[in-house]
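Please read the structure below before turning to the comments.
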Amino acid sequence: MSKNERLIFHVDVNSAFLSWESVHRLAADPESIDLRTIPSAVGGDKQSRHGIVLAKSTQAKSFGIVTGEPLTHALQKCPSLVVVPPNFEVYTRYSERLMNLLSEYTPTLNQFSIDEAFLDMTDTYHLFGAPMDIANQIRDRVLKELGFTVNIGISTNKLLAKMASDFKKPNLCHSLFPSEIPEKMWPLPVEELFFVGKSAKAKFGILGIRSIYDLAHTNVNILKTHLGNKYSALIHEYANGIDEEPVEVTDPKAKGCGNSITLSQDVIDNAIAKQVLLALSETVGARLRSSNVSCSCITVEIKYTNFQTYTHQTVLPHQTNTTATIYEAACRLFDEFWDNSPIRLLGIRTTKLDDTDFSQISLFDNNQSDKFKKLDSAIDSIRNKYGIDSVKRASFLKKG
DNA sequence: TGTTGAATCCCAC
DNA sequence: CTAACGGTGGGATTCAACA
């Protein structure tokens, strides 16, 4: 490794939710069947039929089932598919155990999602051995100590490490050093490059760009005629394996906080919609308050039955994190732009977050909202004591 | 000319 | 029936309004 090069690992849990669900169930009942050995999936709410596949077993994958597809679709492909509901609290625990294990290898660790992490091993790898040996050691330890498999990608930056962890699965470690790019990365279809989605793939197709090689060897200015300026520059660098972003140990402050829900039945009644907005306001408000932040912008989202989505937003005169204030703004926005047709999804999102300024709030809030704040505090404490779902509005319980 | 806001689009997990 | 489907969050883009 030359002196300025970094050593970056990307660790990715194979079929995370399904693996964790299996380990969890086997721990509770050693006689139960290992979901990983049958066609199975972790999926959303079976009852309302609104779920999608969140994770699938290898056997389910052999039926052509892919993550993100509707459960009904997956069941058509494989009628015997065993579908289990997700258990996020359990997954969070396994995630924490994994991160704790990984943190033994470097202090420079960043959790990218519930089941992925980047490790900057530059300053610590010499304590443990050669890069590939360390990765295999981590992989073995995770399986032996925690019971599930991971893939680990090894390279000199985050992009290449992440691409490498996506190579052959499961339970494998791969390197993708810059010298290996022509052989290991450029032949791949362009949509396998991180940050190339459906839309970019289509535009690349127009330009005759099919592989990552094609993209890497296309003039950036050509890209900029069909895609955004910043995006073109970024994706061209990615295709050439360039990524200077450091592994950040501390995450940046949250920029927004929202809550949305696909309703178990389409809503056509204004009063019902308002009750849903109240429940959403309550969730968002509680989360803002627990983070000691307030918002200055509120957005309401409506998805109609044809899946067309619209948003409407407003900037508040003063920052707030009280349920009642969020709710009132959301109602006003909703009434301003709802076209009275059946609603599939409702959402509220708060942005322009800032540390709650108590002096400002006490200056501008009147006695009435003071009562609401007390109500919020009471609800919050119950949530904390009994769990977030213990307090629900009547409409929320009645729904469905 | 440059900034802000609003609505939409795109991406990831 | 062109179609069966989540929740959350970050960021870019486009256009209008405004200074």
Side-chain angles (χ1 to χ4, degrees), chain A residues 10 12-17 41-46 48-55 65-77 83 85-86 88 91-92 95 110-118 158-159 162-163 165-166 191-204 224 226-235 238 245 248 251-264 266 280 283-284 287-288 291 295-316 333 336-337 344-353:
Chain A
H10 178 253
D12 192 337
V13 179
N14 303 127
S15 304
F17 289 178
V42 175
D45 186 7
K46 224 174 165 182
S48 64
R49 293 283 162 194
H50 279 166
I52 58 166
V53 174
L54 297 169
I65 293 168
V66 294
T67 300
E69 80 175 325
L71 269 180
T72 52
H73 197 182
L75 285 164
Q76 285 172 17
K77 290 177 177 175
V83 181
F88 289 101
Y91 308 156
T92 301
S95 175
N110 181 257
Q111 184 169 357
F112 183 68
S113 69
I114 193 168
D115 75 319
E116 293 179 39
F118 289 100
K158 292 200 291 181
L159 182 273
K162 179 150 175 64
M163 293 298 295
S165 70
D166 209 31
E191 65 267 27
E192 288 189 27
L193 182 62
F194 182 69
F195 240 64
V196 174
K198 193 180 173 185
S199 174
K201 184 199 172 188
K203 286 179 178 168
F204 290 146
K224 287 179 178 174
H226 284 71
L227 295 121
N229 229 311
K230 287 205 168 187
Y231 180 79
S232 297
L234 177 78
I235 211 67
Y238 276 8
E245 286 302 301
E248 300 281 8
D251 288 319
K253 285 182 181 175
K255 301 281 180 68
C257 175
N259 189 202
S260 63
I261 184 148
T262 296
L263 304 151
S264 51
D266 296 334
L280 295 171
T283 305
V284 170
R287 285 168 53 194
L288 292 174
S291 307
C295 68
S296 303
C297 183
I298 295 183
T299 304
V300 170
E301 176 185 13
I302 298 177
K303 183 191 282 183
Y304 292 109
T305 51
N306 65 355
F307 283 75
Q308 189 77 37
T309 299
Y310 301 90
T311 63
H312 193 36
Q313 71 183 46
T314 188
V315 175
L316 301 174
L333 290 164
E336 282 173 2
F337 85 125
R344 180 187 176 83
L345 171 146
L346 276 174
I348 292 179
R349 180 164 178 78
T350 57
T351 50
K352 293 189 190 297
L353 303 190

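Chain naming here is simple, since letters A, B, ... match the order of the sequence lines and numbering starts at 1 in each. This structure is a prediction, so every number in the text was calculated from the model and none was measured.
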- Task: Pick the C1' atom in C:dC5 and in C:dC1, then give their distance to the nearest Å.
- Result: 15 Å
- Message: Between C:dA17 and B:dT1, how many Å separate the two C1' atoms, rounded to a whole number?
- Response: 14 Å
- Below 4.0 Å: OP1/OP2 of C:dG9 and any side-chain N or O of A:R349: yes
- Sequence-distant partners of A:E248, salt bridge (Lys or Arg N to Asp or Glu O under 4.0 Å), two or more places apart: none
For [X], which residues count as a side chain to side chain donor-acceptor pair (under 3.5 Å) partner, sequence neighbours excluded?
X: A:T67; answer: A:K56
X: A:K77; answer: A:E69
X: A:T92; answer: none
X: A:S260; answer: none

- Any side chain to side chain donor-acceptor pair (under 3.5 Å) involving residues 300-309 of chain A? Give me the pairs, sequence neighbours left out, ordered by first then second residue. A:Y304-A:D339
- Any chance you could list the contact pattern along nucleotides 1-13 of chain B? Use B for base contacts, S for sugar-phosphate-only contacts and - for none, protein heavy atoms under 4.0 Å, 5' to 3'. ----SBSB-SSSS
- Base-pairing string, 5' to 3', of DNA chain C - Watson-Crick or wobble, under 3.5 Å, | interstrand: ......||||||||||||.
- Query: Who are the ring-ring contact (aromatic ring centres under 6.0 Å, His included) partners of A:F17, not counting sequence neighbours?
  - Reply: A:F88, A:Y91
